[in-house]
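Right, one structure below, let's go through it.
Naming: A, B, ... by sequence-line order, numbering from 1 per chain.
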Amino acid sequence: MIPDKPGLEGLEAKWDAVWEETAIYRFAEGQPRSEVFSIDTPPPTVSGSLHVGHVFSYTHTDIIARHRRMSGKAVFYPMGWDDNGLPTERRVQNYYGVSCDPSLPYDPGGNPGSATGTESDSTTDTKSGSVSGTGPAGGKPEKQTASKAGSKQSSKSDAQPPVKVSRPNFIKLCEELTASDEQAFEQLFRHIGLSVDWTRTYTTIDSHCRRVSQLAFLENLRRGEAYQIEAPTLWDVTFQTAVAQAELDDREKPGAYHKLRFRGDGLSSGNGDSDRDGLSSGDGDIWIDTTRPELVPSCVALVAHPDDARYRPRFGSTVRSPVFDVEVPVLAHPAADPEKGTGIAMICTFGDTTDITWWRELNLPTRTVIDRDGRFAVEPPEVIKSQAGRAAYARLAGKTAAAARREIAAVFAETGDLEGEPRPITHPVKFFEKGDKPLEIVASRQWYIRNGGRDDALRQALIDRGTQMHWIPGYMRARYENWIAGLNGDWLISRQRYFGVPIPLWYRLNEAGSPVWDDPLQPDASTLPVDPSVDCPPGYSETQRDRPGGFTGDPDVMDTWATSSLTPQIATGWRSDEALHESTFPMDLRPQAHDIIRTWLFSTVVRAHFDADTVPWRNCALSGWILDPDRKKMAKSVGNVQVPTGLLESYGADAMRYWAACGRPGTDTAFDEQQFRIGRRLAVKLLNASKFALRFDNPGEAEVTEILDRSMLRRLADLVDDTGAALESFDYARALERTESFFWAFTDDYLELVKARAYGEQGEAASQSARQTLRIALEVLQQLFAPFMPFVTEEVWSWWHSGSVHVSAWPQGDRLRALAGDVTAQPSEVAAAVLSAVRRAKSEAKRPLRAEVQCATVTDTAERLAVLQAVTDDVKAAGRINELITAEGSEFSVKVELAPEQT
RNA sequence: GGGCGCGUAGCUCAGAUGGUUUAGAGCGCUUCCCUUACAAGGAAGAAGCCGGGGGUUCGAGUCCCUCCGCGCCCA
């Protein structure tokens with residue numbers, strides 16, 4: 001049963017198979033809510049390869065799950081894969097060499113992507129070895145795959161131009177690619193021993209999730225929490241989609257102030273063409289500084305602070321824009337910063353988010369120049385009438401913003417409207433977090449869900465929700481509150497993309513063929529999920545699609561967070577399995593990383609607030625990041641990612657979990673391979689200590705009689721209480737640290753002290769006590785380690801138990817304390833102190849530990865000497881001490897006389 | 001600029017509500033030991049003005065103030 005030379009190799013595969021077969025992690029349905037511990041596992045994005053960061057945080061959750069399971073809870077621990085959204089689209093584009101063209105009809109026969117050859121095109125820069133068959137788990141430590149490639153999709157590709165495929169075909173490819181990834185992810189998660197109920201998995205694009213997502217949206221719509229509006233929208237020109245506030249990144253970018261002249265020729269405030277003869281007159285001119293001179297044709301006003309004496313006389317008057325010669329008013333608004341540039345700014349539609357504020361609050365017209373592809377529209381705004389202005393605009397038409405900027409600077413320089421050279425500065429520019437071109441702002445019709453960004457009562461209600469959850473660590477709640485406090489708009493959920501959950505609506509077309517936006521056609525709930533681009537609204541037929549008097553489908557999909565925010569509803573069977581939902585929702589635990597509090601955590605609270613008038617979970621545990629040795633966040637885009645597979649092979653899953661468990665909740669942890677070695681050593685030690693303790697005959701019902709044994713059990717009782725409390729409060733790192741430190745002391749001291757006695761050197765009764773205690777302690781230690789190192793503990797448990805350690809009952813401190821009776825921790829402490837002193841003496845004398853001690857003199861207080869008396873036989877045996885003399889004194893010391901070296 | 005966190009041995013970190021006399025662990029380093037549980041191991045040792053300064057207290061790494069440095073989130 002117990003191998004001669006126990007090892008760790010092969011334990012993962014062996015026990016994973018057994019656990020699968022015995023189904024010990026399967027959720028036991030039908031339990032009352034109080035007996036259930038439900039976990040809202042955040043579905044990892046499957047579009048990239050797994051790295052050690054995933055192992056890190058998912059292990060933390062698993063430790064808690066395993067502890068709750070051993071504590072008697074029915075643990076509800078499903079797993080999802082987040083596969084909808086842009087990351088997948090980008091990878092599909094690169095991997096298959098395709099791009100989506102929604103205007104194409106579905107091609108049911110061919111799979112264009114597969115046909116055009118996967119491997120050939122993927123050479124661009126995804127060496128997509130990681131996504132084929134063996135999956136990301138087998139991936140090499142590649143850096144920068146999709147993130148870079150995706151953004152370069154159209155230009156610069158030296159390979160073939162992408163093959164255009166229909167939206168349904170494109171989605172098929174997305175599903176194909178993610179399916180193989182998901183398998184690989186599951187394999188890796190099994191390999192590291194996550195005790196997930198693998199019969200309960202979902203993917204955020206599957207039909208269940210689409211249904212929940214659409215149903216929840218329709219409910220939001222019905223209750224007035226979702227609405228659509230035509231408004232200026234942050235827009236990514238690369239992906240050509242709207243993005244939400246939560247997806248913004250500010251990046252410091254170089255730019256340049258251009259000092260431009262607006263003419264204040266109060267006289268010529270009328271007709272446009274000819275009166276530019278006052279070129280040199282300059283008294284009424286106003287100079288503004290701007291980093292975006294190309295937006296002058298979209299300028300609708302100038303604005304300065306109301307208290308700014310320099311410009312106060314000009315408020316209410318007008319000036320004319322350089323070259324384009326458009327008359328614009330000079331206005332006052334408190335958001336204008338007198339310290340910036342010349343203290344007066346031009347308002348364009350739209351250069352940045354402040355422009356939106358001004359435009360809205362000052363009730364200004366819209367003069368759009370940049371199209372959704374980020375290029376200047378062919379036609380100038382109507383308001384530009386002068387020939388010179390139209391000619392100048394023609395030089396910008398079709399150009400990107402950056403190119404137009406260079407062009408217009410040249411124009412202004414020619415006309416003398418640009419003073420001096422542009423002055424380089426660096427300033428924060430808003431980017432889509434996944435994009436690499438600055439965001440533009442375009443006016444478009446979009447769907448929103450209210451989130452308190454425009455409603456103080458709702459804002460406060462959501463902040464209050466934060467206080468109804470337990471945050472681990474507690475200070476993370478501040479981030480939640482800060483984010484809500486800083487919201488400046490509702491949650492934009494529509495995206496102009498393809499691989500996502502469609503917005504389940506259609507619009508009537510009037511006789512002119514224009515959509516009637518106000519009263520969307522809704523599907524019957526029983527037909528969900530629907531795809532409005534394929535399905536028809538109730539009462540219509542396909543022949544009426546896109547025909548005047550007919551209907552048109554909403555072309556957009558929902559933000560990936562609009563689905564991800566529903567994982568509690570998705571996982572617990574909301575509106576599909578009410579019994580399950582009742583016993584699992586609100587959920588007990590949401591583990592996640594701290595950087596997505598603003599997105600995932602917050603949006604999930606919003607949905608539960610609306611749908612169920614509750615918080616979605618009782619506890620949220622925020623895990624830290626893995627940092628590389630230089631303390632930079634480990635991320636694919638940085639190229640410093642550690643892939644887990646190699647580490648798993650050399651150190652084993654338990655060692656990797658050990659490393660993960662050492663990272664305290666919420667704390668960023670530097671990756672340190674040394675920790676893997678330590679974890680592995682601990683696992684090996686557990687094998688060997690178990691083997692040792694079990695080598696003696698089973699003492700049956702023998703009683704624990706010896707003082708030393710009872711004293712050790714007393715300390716073990718304290719450990720059990722301590723670790724139990726730590727795990728209850730999600731402090732797995734503390735629990736592990738305590739258990740580990742006890743365990744090493746246990747092997748160093750207790751095992752050595754009782755070794756001789758266990759072998760029978762002090763008679764049968766004393767031996768039985770030792771053997772019994774060894775077994776009791778071993779059993780408890782195996783259980784305490786089980787949540788952390790499930791494989792090795794299951795292995796050693798199996799040497800002497802029939803069931804799984806993972807469904808055994810968590811140890812009780814009281815039982816151990818009862819065995820200890822009135823014996824305190826002191827005897828084992830005194831014995832260990834003497835033994836340690838003897839070891840030190842031998843080590844300092846450079847003698848082996850088995851060297852005999854002629855005579856050891858222990859000086860200590862009378863009280864402790866009396867205690868030592870009770871354990872003296874064990875101490876003498878362990879230290880190989882021939883004669884042990886005691887002497888009273890206030891200071892503890894041990895004088896060691898070694899026996900002469902034998903020759 | 002606002003918020004949050006951090007600064008303890010060469011390195012990575014523990015030190016929960018201030019108090020077991022001379023501040024802990026692991027790694028690394030040095031020395032020793034192939035001991036019948038364990039050599040991909042074991043034992044032992046050296047090593048710290050607990051970021052600086054001020055304060056509260058009988059007593060502070062632990063609380064307060066301030067300064068310096070670092071990181072993150074948000075403007």
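The pair A:Lys14-A:Glu794 does not meet the salt-bridge criterion, since no charged nitrogen lies less than 4.0 angstrom from a carboxylate oxygen. Taking a cutoff of 4.0 Å between a charged side-chain nitrogen and a carboxylate oxygen, A:Arg734 and A:Glu737 do not qualify as a salt bridge. Between A:Lys842 and A:Glu852, none of the side-chain N atoms (NZ, or NE/NH1/NH2) sits under 4.0 Å from a carboxylate O, so this pair counts as no salt bridge. Salt bridge annotation for A:Asp709-A:Arg757: present, with a cationic side-chain nitrogen under 4.0 angstrom from a carboxylate oxygen. The pair A:Glu433-A:Arg598 counts as a salt bridge, with a side-chain nitrogen and a carboxylate oxygen less than 4.0 angstrom apart.
For A:Arg680 and B:A40, the shortest distance from a side-chain N or O to OP1 or OP2 is not below 4.0 Å. Between A:Arg840 and B:A43 there is no side-chain N or O to OP1 or OP2 distance below 4.0 Å.
The nearest whole Å value for the distance from the CG atom in A:Leu751 to the P atom in B:U35 is 18 Å. Between the CZ atom of A:Arg477 and the C1' atom of B:C73 there is a distance of 16 Å, rounded to whole Å. Taking atom CD of residue A:Glu740 and atom P of nucleotide B:A14, one finds them 15 Å apart after rounding to whole Å. Between the CD atom of A:Glu481 and the C1' atom of B:A75 there is a distance of 17 Å, rounded to whole Å. Distance A:Asp748 CG to B:A44 P: 6 Å, rounded to the nearest Å. Distance CD (A:Glu752) to P (B:G42): 12 Å, rounded to an integer number of Å. Separating the CZ atom of A:Arg251 from the P atom of B:A75 is a distance of 14 Å, rounded to the nearest angstrom. B:U35 atom P lies 15 Å from atom CG of A:Asn688, rounded to whole Å.
Nucleic acid contact for A:Tyr759: sugar-phosphate only, since backbone atoms but no base atoms lie under 4.0 Å from a heavy atom of the residue. A:Lys685 comes within 4.0 angstrom of a base, heavy atoms only. Base contact: A:Thr747 has a heavy atom under 4.0 Å from a base atom. At a threshold of 4.0 angstrom between heavy atoms, the contacts of A:Lys5 are confined to the sugar-phosphate backbone, with no base atom among them. Here A:Trp744 lies in heavy-atom contact (under 4.0 Å) with sugar-phosphate atoms only. Counting non-hydrogen atoms under 4.0 angstrom, A:Asp595 reaches nothing in the nucleic acid.
Considering only side-chain atoms of A:Trp625, the nucleotide from B:C72, B:A44, B:A37 that sits closest is B:C72.
Of the C1' atoms belonging to B:G19 and B:U57, the separation is 12 Å, rounded to the nearest Å. B:C11 and B:G51: their P atoms are spaced 14 Å apart (whole Å). To the nearest whole angstrom, the two P atoms, one in B:U21 and one in B:G2, are 42 Å apart. Separation of the C1' atoms belonging to B:U12 and B:G7 is 14 Å when rounded to the nearest angstrom. Comparing the C1' positions of B:C6 and B:C50 gives a spacing of 14 Å, expressed to the nearest Å.
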Polar atom pairs (N or O), protein with nucleotides 1-4 of chain B, under 3.5 Å:
{"from": "B:G3", "atom 1": "O2'", "to": "A:Asn482", "atom 2": "ND2", "distance (Å)": "2.8"}

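Between A:Glu740 and A:Ile678 there is a side-chain heavy-atom pair separated by less than 4.5 Å.
Side-chain atoms of A:Ser767 and A:Arg771 form a donor-acceptor pair, as typed in the model, at a separation below 3.5 Å. One side chain, A:Asp464 or A:Gln460, offers a donor N or O that lies under 3.5 Å from an acceptor on the other. With hydrogens and angles left out, the side-chain atoms of A:Thr861 and A:Glu888 include no donor and acceptor closer than 3.5 Å.
Here A:His594 pairs with A:Trp625 under the ring-ring contact (aromatic ring centres under 6.0 Å, His included) rule; sequence neighbours left out. With sequence neighbours excluded, the residues that form a ring-ring contact (aromatic ring centres under 6.0 Å, His included) with A:Trp659 are A:Phe56, A:Phe671, A:Phe676.
Stem analysis of RNA chain B (Watson-Crick or G-U pairs, both distances under 3.5 Å, runs of at least three) returns B:1-7 with B:68-74, B:10-13 with B:24-27, B:29-33 with B:41-45, B:51-55 with B:63-67.
Remark: of the listed residues A:Arg664, A:His60, A:His67, A:His60 is the sole one forming a side chain to side chain donor-acceptor pair (under 3.5 Å) with A:Tyr732.
Comparing A:Ala689 and A:Pro428 by the nucleotide of RNA chain B that holds the closest heavy atom to each, the one mapping nearer the 5' end is A:Ala689.
Aromatic ring orientation, A:Phe730 versus A:His470: tilted (interplanar angle from 30° to 60°). Ring geometry, A:Phe696 versus A:Tyr759: the interplanar angle exceeds 60°, so the pair is classed perpendicular (tilted spans 30 to 60°).
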Between protein and nucleotides 19-33 of chain B, map the contacts as a letter string: B base, S sugar-phosphate only, - none, heavy atoms under 4.0 Å, written 5' to 3'.
-------SSS--SSS

For A:Arg714 and A:Asp718, run salt bridge (charged side-chain N to carboxylate O under 4.0 Å, His left out): C-alpha distance rounded to whole Å, both residues' side-chain angles, the deciding distance at 0.1 Å, then the answer.
CA-CA 7 Å; A:Arg714 171 56 203 255; A:Asp718 293 343; 3.8 Å; yes

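Heavy-atom neighbours of A:Arg677 CZ from other residues, nucleotides or ligands within 6.0 Å: at or below the threshold of 12.
Annotation: proximity of residues 767-779 of chain A to RNA chain B (heavy atom, distance under 4.0 Å) is found for no residue.
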